[in-house]
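Lettering of chains follows the sequences in order, A, B, ..., and the numbering in each one begins at 1.
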There are 2 protein chains.
Amino acid sequence: MEIRTLCLGILALGDATGYEIKKMVAEGSFSFFSEASYGSIYPALTKLTEEKLIDCRAEQQEKRPDKKVYSLTPDGRKVLEKALTKDPGPDRNRSEFLAALLFAEAVAPTRVSDLILDRIEQHDEKITELSALLDYNSPDSASNFVIEYGIAIQKAAKKFLTTHKDRLR
Amino acid sequence: MEIRTLCLGILALGDATGYEIKKMVAEGSFSFFSEASYGSIYPALTKLTEEKLIDCRAEQQEKRPDKKVYSLTPDGRKVLEKALTKDPGPDRNRSEFLAALLFAEAVAPTRVSDLILDRIEQHDEKITELSALLDYNSPDSASNFVIEYGIAIQKAAKKFLTTHKDRLR
DNA sequence: CCACAATATATCAATTTGATAGTAACGGTA
DNA sequence: TACCGTTACTATCAAATTGATATATTGTGG
């Protein structure tokens, strides 16, 4: 997904500043399946505003710099709808852990079980973190669906590692 | 994982050309947890060669351009071992599917179940694809471990979607 | 026989990252 | 009270990376 569509989509869920978009992507319910940096978000918002796909209103705040709050325009909504008719591309996963595992077997085999044990712990942390994002007020929302999907994946990964951790000796 | 380390690690598993590295990353057992393009692989190989971390020998071939076969040097091996002592960073996953699901609920709710049904099929394809990569001659290799990990994740994702597909109506 | 895939190297504009900078309030702690 | 780290906000930029494309030859299915 291009940053453009990501911004459009997030704004379809509610108005937001660039900072808030970044936060959702880095810490919120988007964090485990999306990434974007300021260097891509801000230019995207500027360009989308020029194209009238989003609106920008400056909200004054006492003793703080103005907030630039962006919201989707009807045109932007159309463009988003159009983008969503296309098949989503395949997932792109990068795992330093799996690469390290593969390489460690070749050059530092004693490292392998450390790697796996650490990773199992990290899954527990991630599961706790994701569970905290669940919203019990709207149990059947897409947001909860996506978070529970994330939890299911984390649990499956943990289970695989726990079951097979002694295989690589 | 930096491209540099990725190249070093792949060469630790055996000599290879830039083309072969790209192929492993795009189609082989690395395909579901790593990515890299020619534009990053070739410059990385050139730089690593300059730094004497890898060697390059030109293999002549009849009627084809020379193959540049790269191999890890003892120095390169040391650098790789060092890199592997560091904790691997967290996985980075990008899923257009999950983003589309979240956005579709807001702007095109009828699209949601299509998205999920298509995705379930794609998981079946991916499972078949990964299974074909398994090497039955070395059942306990790290390579098979990683592929089976991938299969386990695909199955878990498929199961989640199958179980919960009717929740978002 | 032809179009297309595979083998192989390589480049490049456009995008994206990751780090950093600036500014101000708030919270904890010494 | 002074200091320090964090949160809130916008913004930039060098460096890394992508994705597409070019070039050239052989092998292969229709």
- Give, ordered by number, those residues of residues 81-103 of chain B having at least one heavy-atom distance below 4.0 Å to an atom of DNA chain C; if nothing qualifies, reply none. Arg92(B), Arg94(B)
- Query: Which whole-number value in Å describes the distance from Ile3(A) CD1 to dT18(D) P?
  - Reply: 14 Å
- Item | Length of the line joining Arg4(B):CZ and dT17(D):P, which is rounded to integer Å | 10 Å
- Message: Expressed as a whole number of angstroms, how long is the span from Glu2(B):CD to dA19(C):C1'?
- Response: 14 Å
- Task: Looking only at non-hydrogen atoms, find the nearest pair between Ser131(A) and Ile151(A) and report the distance.
- Result: OG-CD1, 3.7 Å
- Query: Got a sec, which hydrophobics cluster with Val69(B), joining ILVMFWY side chains under 4.5 Å apart, including via others?
  - Reply: none
- Note on the structure: For Tyr38(A), the other hydrophobic cluster members (4.5 Å side-chain criterion, sorted by chain and number) are Tyr19(A), Tyr42(A)
- Which of residues 15-25 of chain B sit near DNA chain C, with a heavy atom under 4.0 Å from it? Thr17(B), Gly18(B), Tyr19(B), Lys23(B)
- Task: Give the rounded distance in Å between these two atoms: CD of Glu35(B) and P of dT18(D).
- Result: 7 Å
- Hey, quick one: are Leu101(B) and Leu11(A) part of the same hydrophobic cluster, counting side-chain heavy atoms closer than 4.5 Å, chains of contacts allowed? yes
- Item | Inter-end axis angle, the helix from dC1(C)-dG30(D) to dA30(C)-dT1(D), with every axis fitted to five base pairs (rounded, 10 degrees) | 40°
- What integer distance in Å separates Met1(B):CE from dT17(C):P? 19 Å
- Message: Suppose we screen for ring-ring contact (aromatic ring centres under 6.0 Å, His included). Which residues come up paired with Phe160(B), at least two apart in sequence or across chains?
- Response: Phe145(A), Tyr149(A), His164(B)
- Item | Euclidean distance, atom CD1 of residue Ile41(A) to atom P of dG18(C) [Å, nearest integer] | 13 Å
- Message: If the condition is ring-ring contact (aromatic ring centres under 6.0 Å, His included), which residues does Phe33(A) pass it with, not counting sequence neighbours?
- Response: Phe30(A)
- Task: Verify, without hydrogens or angle tests, whether Asp55(B) (side chain) and Ser71(B) (backbone) share a donor-acceptor contact under 3.5 angstrom.
- Result: no
- Qualifying residue for side-chain hydrogen bond (donor to acceptor under 3.5 Å, both in side chains) with Gln154(B), from Lys159(B), His123(B), Lys126(B): His123(B)
- Task: Can you sort out the partners of Ala156(B) under side-chain contact (heavy atoms from CB on, under 4.5 Å), two or more places apart, ordered by chain and number?
- Result: Ala156(A)
- Sequence neighbours left out, what passes side-chain hydrogen bond (donor to acceptor under 3.5 Å, both in side chains) with Arg4(B)? Give chain and number order. Glu51(B)
- Message: Could you check whether atom NZ of Lys155(A) has more than 12 heavy atoms from other residues, nucleotides or ligands sitting under 6.0 Å from it?
- Response: no
Write down the protein N/O and nucleotide N/O pairs, taken from nucleotides 10-14 of chain C, whose separation is under 3.5 Å; answer none if there are no such pairs.
unit_1: dA10(C); atom_1: OP1; unit_2: Lys68(B); atom_2: NZ; d: 2.5
unit_1: dA10(C); atom_1: OP2; unit_2: Lys68(B); atom_2: NZ; d: 3.4

- Identify, with sequence neighbours excluded, every residue that meets side-chain hydrogen bond (donor to acceptor under 3.5 Å, both in side chains) alongside Glu27(A). none
- Task: May I have the distance from Arg57(B) (atom CZ) to dT9(C) (atom C1'), rounded to whole angstrom?
- Result: 17 Å
- Keeping to residues at least two apart or across chains, list the salt bridge (Lys or Arg N to Asp or Glu O under 4.0 Å) pairs with something in residues 87-97 of chain B. Glu35(A)-Arg92(B), Arg111(A)-Asp87(B), Arg119(A)-Asp91(B)
